[in-house]
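Model, not experiment: these values are computed from the prediction. To find a chain, count down the sequence lines: A is the first, B the second, and so on, and within it residues start at 1.
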Amino acid sequence: MAIMERDRRSRQKQNTVPIDRLSDLPDSILTHILSFLPTKFSVRTSILGQRWRFPWAYVSNLIFRDDSQKSINRVLLLRKMQKVNTFCLSDDDDRYRYINKENGAQCKKYQIDTDTWITLAVERNVQILHLCYSSWRDEDFLLGLPGCLFTCKTLVHLKLESCGIIPVRVAVCFPRLEKLHLLYVQYEADESLPNLLSGCPVLEDMEPREETKGWKEPPQQVPACLLSHLRIIKLPNIGGEKHEFEIIKYLLRNANVLERMEISYPGSLSSNEENNMLKKISLFQRGSKACKVAFGAA
Amino acid sequence: MAAETGTPTTLTLKSNDDELFSVAESAAILSVTIRNMVEDGCAGGVIPLDNVDGKTLASVITYMNGISAIPADEEKKKSYRDKFLSDKDFETLADMVLAANYLNMSCLMDAVSAKIAQVMEKKSVGWVRRKFGIENDYTPEEEAAVKEEHKWTFEGVETDDDN
């Protein structure tokens, strides 16, 4: 009898149903919680119960990871929220690739869709835009970006990886951009990066990978962000070329409020080359007294 | 705002179950709701917080004290937040998100919301229903229709593991 009682109690304990606190939350909090989920998972919560059927459609963040064009288009059609706060698109798993570079028509279709998505995000006042195509790095096909992106007034954080050509002929205007991360992008010309920086007056944090391709010579006019806002600069993959030193020298001299510059170099550098490089850089004049320079092998 | 006297100002907060708590003003004004009361000069006596119970308020005050003791270093603040939330159960997290919303503390609100989202991500529908006690009040036909509508979201990785 006692055993049966214990058994029953332990079964009861296991069966204790937690009180449903989430479904009782007001809509605004529920959509806030859903905004931290990748879009696929926030849409999927609609199956949980009646209360959950529509909140996903009012989430202002769109986070797509390895999702098909069809799925993305479907979400954009079905959602009810006008505003787009965050738009992240990443395609970094080969298994989920939906386009094939050998198929030109497919590439073209993907380009048209991407243009539409970015244009929509820009029109809906996007603040954070990340486009990462790390699995496309070695492909011949480079995804372009629509011109409207480069005059987005609301953008605060832009990250581009393995896509996009940074223009030089069109005006760039990012009045609110604070963070800029560029990895494996292409530059239309040597002046592309200075042209981009001159359109970002309040930029605080930048990481231009392979920056040397878009910046062969220091610009005549110092971009405003360098004088007043830029706090963090990360320069990966510095090999010790002459023009790289020129750029580092220029940045250190002109960035008046710089707090940290992180320079990384290839591990293949000999210790002699490494020492020479560090010595040379540490002697450069610094516009910001508080600036710390950190070196590290990649 | 209280005049600069050199000694830190202390505020008294009252929960909806009549518990009283003392907290340094500098920590309490992380809540925009409390900051507005202080700025409007309504914080002289006891500040009643009608939507927060004592247990949750005690937890929120621990957070206020902890996070305001950390200097402006976003990474250290983040690791404090992660540690602070690591041992909270789902019910407490739901109380915290309501309190953070009422107190208008965006950093706590974001951290708790992200934590709840993180728990739900990549989990099967059954797992989420069980863990959060969500009742499936769809008819089988309705459920099938919703599933059909968002078919693509049911493809791929999902798990019933608790980790």
**Item:** side-chain contact (heavy atoms from CB on, under 4.5 Å) between A:R21 and B:L98, worked out
**Value:** CA-CA 10 Å; A:R21 298 294 310 282; B:L98 277 167; 3.7 Å; yes
**Request:** Apply the test side-chain contact (heavy atoms from CB on, under 4.5 Å) to residues B:H150 and A:L78: give CA-CA distance (whole Å), side-chain angles for both, the deciding distance (0.1 Å), then the verdict.
**Result:** CA-CA 10 Å; B:H150 304 301; A:L78 291 176; 4.1 Å; yes
**Residue pair A:H32, B:V97: steps toward the side-chain contact (heavy atoms from CB on, under 4.5 Å) verdict** = CA-CA 10 Å; A:H32 189 71; B:V97 81; 5.9 Å; no
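Looking at A:S23, the atoms closer than 4.5 Å to chain B (heavy atoms on both sides) all sit in the side chain, from C-beta outward. Residue A:T45 touches chain B through its side chain alone, counting heavy-atom pairs closer than 4.5 Å. Contacts between B:E143 and chain A at a heavy-atom distance below 4.5 Å involve backbone atoms as well as side-chain atoms. Proximity to chain A (any heavy atom under 4.5 Å) is shown, for B:D110, by both the backbone and the side chain.
In this structure, the side chain of B:N136 does not engage the main chain of A:G49 through any donor-acceptor pair within 3.5 Å. Side chain of B:R129 to main chain of A:L48: a donor-acceptor pair is present (N/O by atom type, distance under 3.5 Å, no hydrogens or angles).
Put simply, the side chain of A:L34 does not reach to within 4.5 Å of the side chain of B:S113, judged on heavy atoms.
Remark: B:K122 NZ to A:F41 CZ distance equals 6.0 Å, nearest 0.5 Å. In this structure, CH2 in A:W52 is found 7.5 Å from CZ in B:F132, a value given to the nearest 0.5 Å. Between the CD1 atom in B:I134 and the CD1 atom in A:I19 there is a gap of 13.5 Å [rounded to 0.5 Å]. One finds the OG atom of B:S124 at 7.5 Å from the CZ atom of A:R44 (value rounded to the nearest 0.5 Å). Taken to the nearest 0.5 Å, the NZ atom of A:K40 stands 7.5 Å off from the OG1 atom of B:T153.
Other residues, nucleotides and ligands contribute more than 12 heavy atoms inside 6.0 Å of the NZ atom of B:K88.
A salt bridge links A:R53 to B:E149: one of the charged nitrogens lies within less than 4.0 Å of a carboxylate oxygen. Contact check on A:K70 versus B:E155 returns no salt bridge, with no Lys/Arg side-chain nitrogen under 4.0 Å from an Asp/Glu carboxylate oxygen.
Of all non-hydrogen atoms in B:A117 and A:L37, the two that sit nearest each other are O-CD2, 3.2 Å.
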